[in-house]
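Beneath this line is the structure, given in structure tokens, with notes to follow.
We name chains A, B, ... by the order of the sequence lines, and we start the count at 1 in each one.
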Amino acid sequence: MPKVPGLFKGLGVTLGTFARTVTQGANTVQYPHEKETPPIRSRGVIALHEGNCTSCMLCARSCPDWCIYIEGHKELAPPRRAGGKPRQVNMLDRFDIDYALCMYCGICVDVCPFDALFWSPEYEYSEPSIADMLHDKVKLGEWMETVPEAPELEVGADKKGKK
Amino acid sequence: MTLLGDRQQLSYIASQAADARVNLELETEGMTLNIGPQHPATHGTLRIIARLDGEQVVWVDPSCGYMHRGYEKLTEVRTYPQVTALVNRIDWLGSFANEVPFILAAEKLMGIEAPLRAQHIRTILFELSRIANVSLFLGDLGVQLGAITPVFMAFRDREYVLNLIEGATGGRFHPNFDRIGGLKDDLPAGWIDETRTVMKKLRRFCDEIEDLLFGNEIFQSRTRGIGVIPRDIALQYGMSGANLRASGVDWDLRRDQSLPMAWDKVDWKVWTHPDGDSFARCWVRLQEVRESTRIVEQLVDTIPAGPVMTKVPRIIKVPEGEAWVCTENPLGEMGYYVVSQGDLGPFRVKIRSASFNNMSITPWLLKGVYVPDIVTILASLYFILGDIDR
Amino acid sequence: MNTVSLIIAEVPYWGQSLLRVLGGLVAVLLPAGTIVYLFLFKMMSFMQSRLGPMEAGPYGSMQLFAEVGKWLQKEDIYPARADKFIFKLAPLIVLASTFLLVVVVPFGPDAWFTNFEAGIFYALAVSSISVLGILIAGWSSANKYSLLGGLRAAGQLIAYELPMVLAVIGVVIQAGTMNLQGIVLAQNSGSMFGFDGLGNPYVLTQFVGFVIFMISVQAELTQAPFDMPVAESELVSGYMTEYSGFRFLIFFIGEFATAGVFAMIASVLFLGGWAVPFSWFGWTTMDSVDNWMNLAGPLILFTKMMVIMFLVMWVRFSYPRLREDQLQRFAWKVLIPISLVNIMLTAILKVAF
Amino acid sequence: MANPPNEEEFQLSLTTDTPAATDVVRDGILARVQAALGDKIVESLLKPGDDIWVRVRTESWRETAVILRDLGFSYFDFLSAIDWLPSPFGRGEDDPTEPAPVRDNTIRHGYTGGDTRIQMLARVVDPTTSMGINLKADVPDDNAHIESWTTVYAGANWHEREAWEMFGITFDGHPDLRHIYLPTDFEGFPLRKDFPLLARIVKPWPGIVDVEPMPGGDQDEPAQDGDAQ
């Protein structure tokens, strides 16, 4: 079979793509009208479960960008069992993440020993003003609704090895 | 520069003697052309100051640093896990591959090794980031040479790979998935099946690119014989990766050194090309994408069961010592020379990035070419600005 | 004489001129807009697995108006060291050459602006006026990239004028006339080996000439693979680098309007122009053509133009570009010899039959 | 740093020491290199299965490169330097309101030792065997200069420019010692340890604010009570 010149092969590729786009639709989506769902693990925004946070500062300290700001104070809470001692708990006054600085590395979520921080795949929170990128604990708490369940693991995974 | 440089210049002068005579007769005056830092051919912020004679380059001075972020300094104030998050920004297209040598160096210093399953998954993700990186190169190559369609095909099919990386790691561009002692997490269910289908798509993409671009006679006439790098010059300049293999050096760090990774467990081939010109560099990269899809396909079939994390302390302190680990990254050899003094963070990290060495040849290589060939050669050398400037 | 020309004959001279100007505007802008929307927006997108503009109007069909609106709003910027008068003049020269070009294109048996005897000769002559515009645009921008682009464009356009002229000579020999209307007539009333069902479109008998003409058109329009003068990836749009807003719009219209007009000329020369084969309706001469062809003719020509444009754009979206030395070599060492041989063969065959 | 030593403090166990400490290939290479370099070597170290380190005399820096290149190490990998002075700023996590903490600033050299604060560090590789050598050389403290490698390995050009602007080492015989990354009028040598990283100084560390001791250390009561989800 004689060799087809590369020039014609190239024309064939573009025409083939043309035909495929016409018959099967484009590979792109029309963003504001239709949206692709990001994967479950997608690191979109960090959600805060305030009840779990003991303001231990671990996340703020391990943040490479220094973008987490925490303030807290100690308080006495009523005992859990009747007749017990009053417990000393840490109350969270301020928990801010500056998303203008955040580099989405996920170290804070990893180091949190009390499961207070979670990744949510939500990504539509751009702001016209850079100052609004600082999310306070209320806003971070609202993201909790969007946190999905962790995905099932692939076959052969060691389930207990996980935190 | 050296004797070899002169030799090449002499051959260039001989081959262009007619042009030179014309120029002498016409007494054409030179012109300095400033290419970059904002220029589409420098994909990033590289600046090339070129002295032209007509459209021929007399000398060039590449000037980098417009994106210098000082990673070597930044690593000194960060702990080991924080450095991992940082270094995957060096070559932002193949980011997972940046993490691996650093983690391996730290593991070497600590004397631990990741479990077998983690090694396999690391290798898979490493090759996926190579595919994501080089497939974009294949598309970008078209744009640099004036063909506008390949880049969209590259973006289209790279998206599948990025989706895979995001599905497993959570980050499209900056996975930060590698941990000292293993991986952050295991793969999500269904990931392996998806990988198989995506690898088929990628091979079809390679065929399309080959038909659309590599087989095209215009493309060949633009790249063949342009920017020839002889073997010994390539070695002297420390070129690496496909640039070196295209000059006929059969050297691939994946094959030629023993690392706790899974490359030695699969059947694959190191591609070389004897020509050393732009076409050879592009062709070798195309074959490497194909080879990577084969590596990934074989590896996903043989992932061993088990944990993905070995036992490491929660607060990682690396014992005193020095370690050098390099891997065959998408752009070439990337290595980290890690000096630890037993602290939470490294004492000094020397980042040896591939593009810095690959680009250091340009003052020599671009002498005597035409302005359009600057673009061809820069595209075929394939650099990422973050990888030059670090 | 038929009715349409009678109506035109009855309107006063200024009215005729006005009609001609309006007709010229339509003949230039309508194809340009359609080409941009259909090919540049939609076909290119489909060839790249995407949809292209979708928001402005149904399927993004009003996108061009949005773009024009955007360009018109932009500030009129020119470089501080530019030669301002010439800088502003350049786009107009390019556009003017397009309007001069469309003048000779016949749209129907009586629907034409002028009917030069040496029509094709005139067309090839005025088409090279745009070189002037491009060259002075490149020079007056006070920008090295623009200068390189302008010089490349000048070299390229002049080099490809020649094969284009030589390719047309084959057609002229075969038709025996330089009048475009005559060429249309010759194609549609002719026959191939006694079979007149298709007329005698020169794309079949002058195929070599057609290919050379299309390649030269591609180069004249500075479309890939001959887009060295505007090379985005190295000269960042070449001679257009410093133009923005309204002036860039004129360049942009000029580029695609010229593409449209060249495609019309190509379809007149090689595809039979506005007409269908005369044997279909039993016509024999130009005068026997029915009057409704004056309305159907432009549509037929438009369709043929779109087919030609599809080829031009298809190649444009698929190929990388040549280097300018390769491009010159291709013109002088390949195209011109082949077209010379083509002329000789045509002449010999013409005499033989 | 606020981290108290953890009870999980990792026990040093270098696996590179545990496999029988023989590495025939590298032994051979080191022997060859030692024979070729002779008394230019100050100190050398071989870690089996890992790498080779060689420290050469400052004045033989360029000669070493020539000899090694002719010995087959034709691949130039990288060239840089190390400043062994411990950073006077730590990791920039000090509380600016407190008096500056006292830091140990004794210089501890790494493998193959050293006599000066700044050391050259380079690596050359033999592409046929894929075996490399890490080369070190002391750079004089008072007048930091050393011979250039540009005539030996052409690729050393940019690396030396980088080392020059980052560490202030002058390379004798370098044809074009200009800034490569930094602006031409930049002052100071950023990779020297006494050059402060401003990003970590202009802003106080958010981790300074302390609410309670680090959890996990002394097993706080409240830490146990966090209502797990």
* In this structure, are over 12 heavy atoms from other groups packed under 6.0 Å from A:F8 atom CZ? -> no
| Is A:E34 atom CD crowded by more than 12 heavy atoms from other residues, nucleotides or ligands, each under 6.0 Å away? | yes
Item to complete: Would you indicate whether A:E124, at its atom CD, is surrounded by more than 12 heavy atoms from other residues, nucleotides or ligands within a distance under 6.0 Å?
Response: yes
Check: Counting heavy atoms not belonging to A:I130, are there more than 12 under 6.0 Å from its CD1?
Finding: no
Honestly, the part of C:M43 sitting under 4.5 Å from a heavy atom of chain A is both
Output for pair (A:Q24 CD, C:S49 OG), nearest 0.5 Å, gives 10.0 Å
So, the part of C:Y319 with a heavy atom under 4.5 Å from chain A: the answer is side chain
Does CZ in C:F207 sit with more than 12 non-hydrogen atoms of other residues, nucleotides or ligands closer than 6.0 Å? no
Correct closest heavy-atom pair for C:W314 and A:L11 would be NE1-O, 3.1 Å
From the list A:L15, A:V13, A:V22, the residue making the most non-hydrogen contacts under 4.5 Å with chain C is A:L15
Interatomic distance, CZ@C:F317 vs CZ@A:F18, rounded to 0.5 Å, equals 10.0 Å
Between A:T28 and C:L51 the two heavy atoms that sit nearest each other are OG1-N, 3.9 Å
request  = Verify the neighbour count for atom OH of A:Y69: are there more than 12 heavy atoms of other residues, nucleotides or ligands below 6.0 Å?
outcome  = yes
